[in-house]
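Structure first, then comments.
Just so we're on the same page: letters track the sequence lines, and every chain starts at 1.
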There are 2 protein chains.
Amino acid sequence: MSTSEEVRYEVNFAGTQTFAVTLRSRLKEIFIPDDPFRHLQDLPPRTKAHRILKYFVPILEWGPRYTFNEFRYDLLAGITVASLAIPQGISYARLAEIPPIIGLYSSFVPPLVYAIFGSSKNLAVGTVAASSLLLNSIIRQVILPEKDMKLYIGIVMTAAFFTGIIQMTLGVFRLGFVVDFLSRSTITGFMGGTAILIIMQQLKGMLGMTRFTTKTDVISVLHAVFEYRDDWQWQSFVMGICFLAFLLGTRYLKFKVPRLFWVSAISPLVVVIVGGLVAFFLHGATHGIPIVGPLKKGLNPISIGNLVFTPPYLQYAVKAGSVTGFIALAEGIAVGRSLALMKNHHVDGNKEMIAFGLMNIAGSFTSCYLTTAPFSKSAVNSHAGSKTAMSNIVQAICMMLVLLFLAPLFKYTPLVALATIIIVAMIGLLEFKEMVHLFKVDKFDFCVCMAAFLGVAFLSMLQGLMISVGLSIIRALLCVARPITCKLGRLQGTNMYRDIEHYPDASTIPGILILNVGSPVYFASANYLRERITRWVQNEERSFSETQGDIHYVILDMGGATAIDKSGIGMLEEVHKYLKKRGTKMVLCNPRLEIIKKLITGNIIDLIGADWIFLTIKDAVKACEFALQEHRRQQQDAV
Amino acid sequence: MSTSEEVRYEVNFAGTQTFAVTLRSRLKEIFIPDDPFRHLQDLPPRTKAHRILKYFVPILEWGPRYTFNEFRYDLLAGITVASLAIPQGISYARLAEIPPIIGLYSSFVPPLVYAIFGSSKNLAVGTVAASSLLLNSIIRQVILPEKDMKLYIGIVMTAAFFTGIIQMTLGVFRLGFVVDFLSRSTITGFMGGTAILIIMQQLKGMLGMTRFTTKTDVISVLHAVFEYRDDWQWQSFVMGICFLAFLLGTRYLKFKVPRLFWVSAISPLVVVIVGGLVAFFLHGATHGIPIVGPLKKGLNPISIGNLVFTPPYLQYAVKAGSVTGFIALAEGIAVGRSLALMKNHHVDGNKEMIAFGLMNIAGSFTSCYLTTAPFSKSAVNSHAGSKTAMSNIVQAICMMLVLLFLAPLFKYTPLVALATIIIVAMIGLLEFKEMVHLFKVDKFDFCVCMAAFLGVAFLSMLQGLMISVGLSIIRALLCVARPITCKLGRLQGTNMYRDIEHYPDASTIPGILILNVGSPVYFASANYLRERITRWVQNEERSFSETQGDIHYVILDMGGATAIDKSGIGMLEEVHKYLKKRGTKMVLCNPRLEIIKKLITGNIIDLIGADWIFLTIKDAVKACEFALQEHRRQQQDAV
């Protein structure tokens, strides 16, 4: 390996691409960084079409190769998930203030649709607590469920319809990256705050209360709990404590003995059945243990006709649909990604969105409300060893059987049993450890998380979410508007130049100031960078002039600047003008491909002179030092 | 200069700062990058207080040192500006559909206030066309001026009050950088579009029409012009053409002979006087030349009591005040900056905002409406050689004399004269050259500019502005969400590693993949970067394996990554896991100060091993090559 230092490379000014090529590759990186069809170019059209069809309908891919051995795993996983889906469906429907049967419907059609179009092996489809409560809190603003239940249900389903439309649109146009703006910290905080809200809501069920507040924030709920303390029913409370102890016990067991996860998975069903039996034999409904009430036998009725597209309600349906859709999507994709990562296979986020969208649209036509792939069910599915999306089909078939034959039996389910199931599910969403970890690693992320957490708990779910996302975006914009610059010095005995704050023994070079511009130079940062650079020069001059004379050269290391726009070009021009006025020469170093083109069209190259643009700091410093020596010699000669 | 390549530096893990120190320095960079008090730390408290007072009230700084020689220049500049302020004040007030006298009032009090608190030597204060029209278009939505003029004026002044409050708040909290998000391209497009709108509006005056549309978009206006073609008055039109020719002639003269700029500066006043005389002697008002109508003698009446703070109007006042305030601020600061740059002295944007804010609040109390430092007046002021803010005082005194003695004379000003003055002023805002330049240098900036231009011209001013700012912010966010990565290769015969797309003769090293991560690793980019890195690895493997065997090392050059957050740490962890599974080692290179701390708290250092984090790519490659050789030797030995 030859490392002769004498070979000198020049900056390559020629290698710039045309606008069309750059634009195409940039657009491709933005929208289809993970182009699923990139290997299909050379195939004959027929094979290509077949492959594309298989891409969009993965069941065609894995269906024909499906084996009985895989089915055994999927069957087990599907049944386990179904046993979780029944109590969760009923519970979460109650959070959304819709009839419990809709919760069961929602675990029948959507999993079937997902099994056809979805590609994840791990995801199990079902309703989610946070989105259910959020749906309720938005749609309540336009119509109260206690006032006109039919209309209310119609709007809830219309919201699911729009959720589907939005998810599909995002998927088709490959805009999946918008979900990236819901950072993990935001989701952690939001889920935690929502869990607190939902747990507080369950106090109603736990205490067997009949009167309650419709507000969701912590303070109103606590107030209501104590205001109506005459309603408290000890029977419910005792039953609740027993169930809670049982559920927490199985949960603890799962952590201790992971292979017994199925005990924890079916325990909610056990609670529902035991609770139902107790309520039935003790006539709970009349003895302080309120029950769910009648559930109608039969499969999902068609609901296309019930969707509401008339003005005052439409906008709330759209709002509820889009907000819950985003959150459900973020949760679903995050879950899919983390499970895929665990098992090391790839998930195409954009295609998953299309599957989610189709499943919600189909759901809204068949009396289902918003569904996604909640973490609890998917983790159970994955643990139970599901091999393909077939486990969702099994789940759907189980739900079908329940709907056809068993639904009326769930009439006796005590509300307190549902409350305990929800509480235990929500405890899993309170990731205090993650919050502590966030605090240790990144204080700002912790703030974002806390903003969501406290905002949700004390203001409202939507406000908490907004504040948190707003903070994240402001941070991202600030990072664009206030890029980090630093002064570089030479590490002694080498030709390496590093941040002198980081490497205090790096030394500066008399007469030369080397600055690192570590980020894209955009309209938002151009003004700041100009001020920052002039400030570096002024500060330097002040401390320098006492010891080593004026600054004759300012070297800008552009290696970290990945892009520049018109304002950035203007900034360089102004800095050059400013420096020129004080007799200082501006030197550029290592401009990247994206920047060189604009330096040429913006005439900056001519302004600075192509001779003064170098590939490495070493070369730039050498040239400056040489010129400085020449300059001094001439001065001495003149004297 | 010793350049022995044998000295090897390690990454400095120790130099990280505590959170408090980092936070403080970051906050300082965000809010007070140009801290005006940074040199005052060591002074005694009394001197310090005196300096700070002088900072906020610059007249205390320059007043005592003011010389008669300076006054001679300021007097000339002030009178010239005043001669421009009279016709502009009347014209722009008509754009805002308020009585012309308010336009004159607005050139009296605000310049006085600015002279006390403002620091720029060049800015001349007055009303602006774009903001006047925008004010009108927003406030019309709640009350029509023809319906209740008193209320309408009250809301216009309330808007000025809120403009002042907002500007002052931004200044006090040093949030001036929000104005940076109105990029130069947006302002160019917005101003151009507004100029088109305003010129179209002047067709009414040029043609002496009495009926017209209240809409502002190009299509509605053209429609109205031809719909009411019976109203066209040839007398107005002839007069208009003559004035237009005269004004354009003097404008042309200014470009040819810059020192005759004053001819162009006083020409609007000449037009007003000549027009007034013609209208007076020919009884223009009854012969097809509509005139301004009566103006009351006397100084600004107090208007605090007229401000409207009641609900339906308040929100429009706040909206109009904030939007026009932002635009006026952006214009004022841009003008101040560019004039300061020309004369090479420094403008503190945040302090200017406080001055603007105070001047608008004071204005709203004294029957003035929104004022700022328009480009036309400031350029004249600067050209006329103003030395201090005294020129604004001179301007104010001239206006006072006009208000006290001459105002009624302007009664006879023909509307067509005002129309021609506005048209010529607006032509200066149509920067077609700049647009062509934008197209050449940066296509995206051109789109942003065109969005504002066409949006303003064909939709509405606010929508055009929103679309354009939205586009700019989306671009900034995309740059955060889709950072550029590239594959590095060794330039032959050197130890330099550069983008192989840019330097095609750079060669890759068998078994080692070197990637450059050129930007902060944030929640918005973490998912993308993970996918991108795994894609690089997969692509590489595919092309590599045919020729040179597997990839054993992936070196991530982090030199360009200025920051990392929790999601970024998670990304590194996941990439490490992914690579480990396929038997590839992840190596980090040159992490910056900001990143090292989080690598430590996030336990990434332990995961990778501190031995595998290098200061330079050269060292990293050396270590990898050595390990590869060892590995191969062991394999051979085993065989």
If you count heavy-atom pairs within less than 4.5 Å of chain B, which of A:V448, A:I484, A:I473 leads? A:I484
Part of [X] lying under 4.5 Å from any heavy atom of chain A:
X      : answer
B:A563 : neither
B:K440 : backbone
B:S472 : both

As an exercise, state the distance from [atom1] of [X] to [atom2] of [Y], rounded to the nearest 0.5 Å.
X      : Y      : atom1 : atom2 : answer
A:T616 : B:L491 : OG1   : CG    : 9.5 Å
B:T562 : A:R482 : OG1   : CZ    : 14.5 Å
A:N495 : B:K618 : CG    : NZ    : 9.0 Å
A:D442 : B:K597 : CG    : NZ    : 9.0 Å
B:M496 : A:N590 : CE    : CG    : 9.0 Å

Using a strict cut-off of less than 4.0 Å between a Lys/Arg side-chain nitrogen and an Asp/Glu carboxylate oxygen, indicate whether B:R592 and A:D499 qualify as a salt bridge.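 No.
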Quick check on the interface: out of [options], who has the most heavy-atom pairs with chain A under 4.5 Å?
options                        : answer
B:G560, B:C486, B:A524, B:G570 : B:A524
B:V441, B:T534, B:L438         : B:V441
B:D445, B:I564, B:N516         : B:D445

Take B:K566 and A:H437 through the side-chain contact (heavy atoms from CB on, under 4.5 Å) test and state the conclusion after the steps. CA-CA 9 Å; B:K566 182 63 201 358; A:H437 185 61; 3.1 Å; yes
Determine yes or no for a side-chain-to-main-chain donor-acceptor pair under 3.5 angstrom, with A:R498 supplying the side chain and B:L615 the backbone.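 Yes; judged by distance alone, with no hydrogens or angles, the pair exists.
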